[in-house]
Amino acid sequence: MQPTLPTLQAGQNTTVDPESHWYAIRTNQVLRAEQVLAPYCDSVFLPKETVRTTGRKSRVRPAIPRVLFIRTTPDRALALERLGRDIATDITTPFWIYRYPADNRIQPIPQTSIDLLRLLTADDDTRCEIFTDRTFSPRDHVRVTGGIFNGYQGYVRRVRRNLHVIVEIEGICTVMLPYIHPALLEKID
């Protein structure tokens, strides 16, 4: 018996389902998966960055290799995952949904994490650095108290001789925030 998608077919216009959540998926074909899954999901987000190559050329590539985010209901996400492996369907891009290791349930991603990724992958060349300030040391737990990253929490870590605020999206990736002045940080115990 072939699995079917619950309540949504490709090409249907729909509003965001109140039961939908963001899910991280892993696939070797992220650009193709972005196009193929868009009609079936409430939203699809592929964090991209522009990289400069030799000369004046630049190209766009995924910011997180082999990871794409989809917003949909849990049932629809699981049905899409099954259909992605079925060669008899038009969704022939296999992918796997990130799951909790303890019980194998699919892992929803908080909206705040998606918002952070959207901010960091916007077309902005600023880099995440914190001025060397003796009040913060590596492994200090901090909260951002102002600016576009207000409310995010993370740890101070030394990366390439500079201190950065690192925010973890559990089980998916770690994000290094762009420049944040120490005046906008507070220590959390």
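For reference, positions follow the sequence shown, starting with 1.
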(request) Could you walk me through whether Phe149 and Leu185 pass side chain to side chain contact (heavy atoms under 4.5 Å, CB included), step by step? (result) CA-CA 10 Å; Phe149 299 108; Leu185 296 175; over 6 Å; no
(request) Could you please spell out the steps behind the side chain to side chain contact (heavy atoms under 4.5 Å, CB included) verdict for Leu78 and Ile106? (result) CA-CA 8 Å; Leu78 291 169; Ile106 59 176; 3.7 Å; yes
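Considering CD of Gln29 and CG of Leu68, their distance stands at 12.0 Å, rounded to 0.5 Å. Of the inter-residue distances, the one linking Ser113 atom OG with Arg118 atom CZ reads 12.5 Å to the nearest 0.5 angstrom. Note that CZ of Arg66 and CG of Asn28 are 6.0 Å apart. Values are rounded to the nearest 0.5 Å. A distance of 9.0 Å separates CD1 in Ile70 from CD in Glu81, rounded to the nearest 0.5 Å.
The aromatic rings of Trp22 and Phe45 stand perpendicular to each other, their planes meeting at an angle above 60°, with 30° marking the opposite boundary.
Here the side chains of Cys41 and Leu80 are in contact, with some heavy-atom distance below 4.5 Å. Using a 4.5 Å heavy-atom threshold, the side chains of Arg26 and Phe95 count as separate. No side-chain heavy atom of Ile25 sits less than 4.5 Å from a side-chain heavy atom of Tyr98. Residues Tyr152 and Val142 form no side-chain contact, since every pair of their non-hydrogen atoms from C-beta on lies 4.5 Å or further apart. Ser20 has its side chain within reach of Arg71: a pair of non-hydrogen atoms, C-beta onward, lies under 4.5 Å apart. Counting heavy atoms from C-beta outward, Pro62 and Val67 have side chains that stay 4.5 Å or more apart. A 4.5 Å side-chain heavy-atom check between Val167 and Thr174 finds every atom pair outside the cut-off.
Looking at every heavy atom in both residues, Arg157 comes nearest to Ile166 through CB-CG1, 3.6 Å.
In the model, Asp42 has no side-chain atom that pairs as donor or acceptor with a side-chain atom of Thr72 under 3.5 Å.
Tyr40 contributes no side-chain N or O that, together with a main-chain N or O of Ala77, makes up a donor-acceptor pair within less than 3.5 Å. Side-chain atoms of Gln153 do not come within 3.5 Å of backbone N or O of His141 as any donor-acceptor pair.
Partner Phe69 forms a side-chain contact (heavy atoms from CB on, under 4.5 Å) with one of Leu46, Leu117, Val44 and no other, that one being Leu117.
Taking a cutoff of 4.0 Å between a charged side-chain nitrogen and a carboxylate oxygen, Arg76 and Glu19 do not qualify as a salt bridge.
Qualifying salt bridge (charged side-chain N to carboxylate O under 4.0 Å, His left out) partners for Arg105, counting only residues two or more places apart in sequence or in other chains: Asp103.
Clustering ILVMFWY residues whenever any of their side-chain heavy atoms sit less than 4.5 angstrom apart, transitively, puts Ile114 in the very cluster that holds Ile148. Under the 4.5 Å side-chain heavy-atom criterion for Ile, Leu, Val, Met, Phe, Trp and Tyr, Tyr155 and Val165 are members of distinct hydrophobic clusters. Transitive grouping of hydrophobic side chains (ILVMFWY, heavy atoms separated by less than 4.5 Å) keeps Ile64 and Val60 in distinct clusters.
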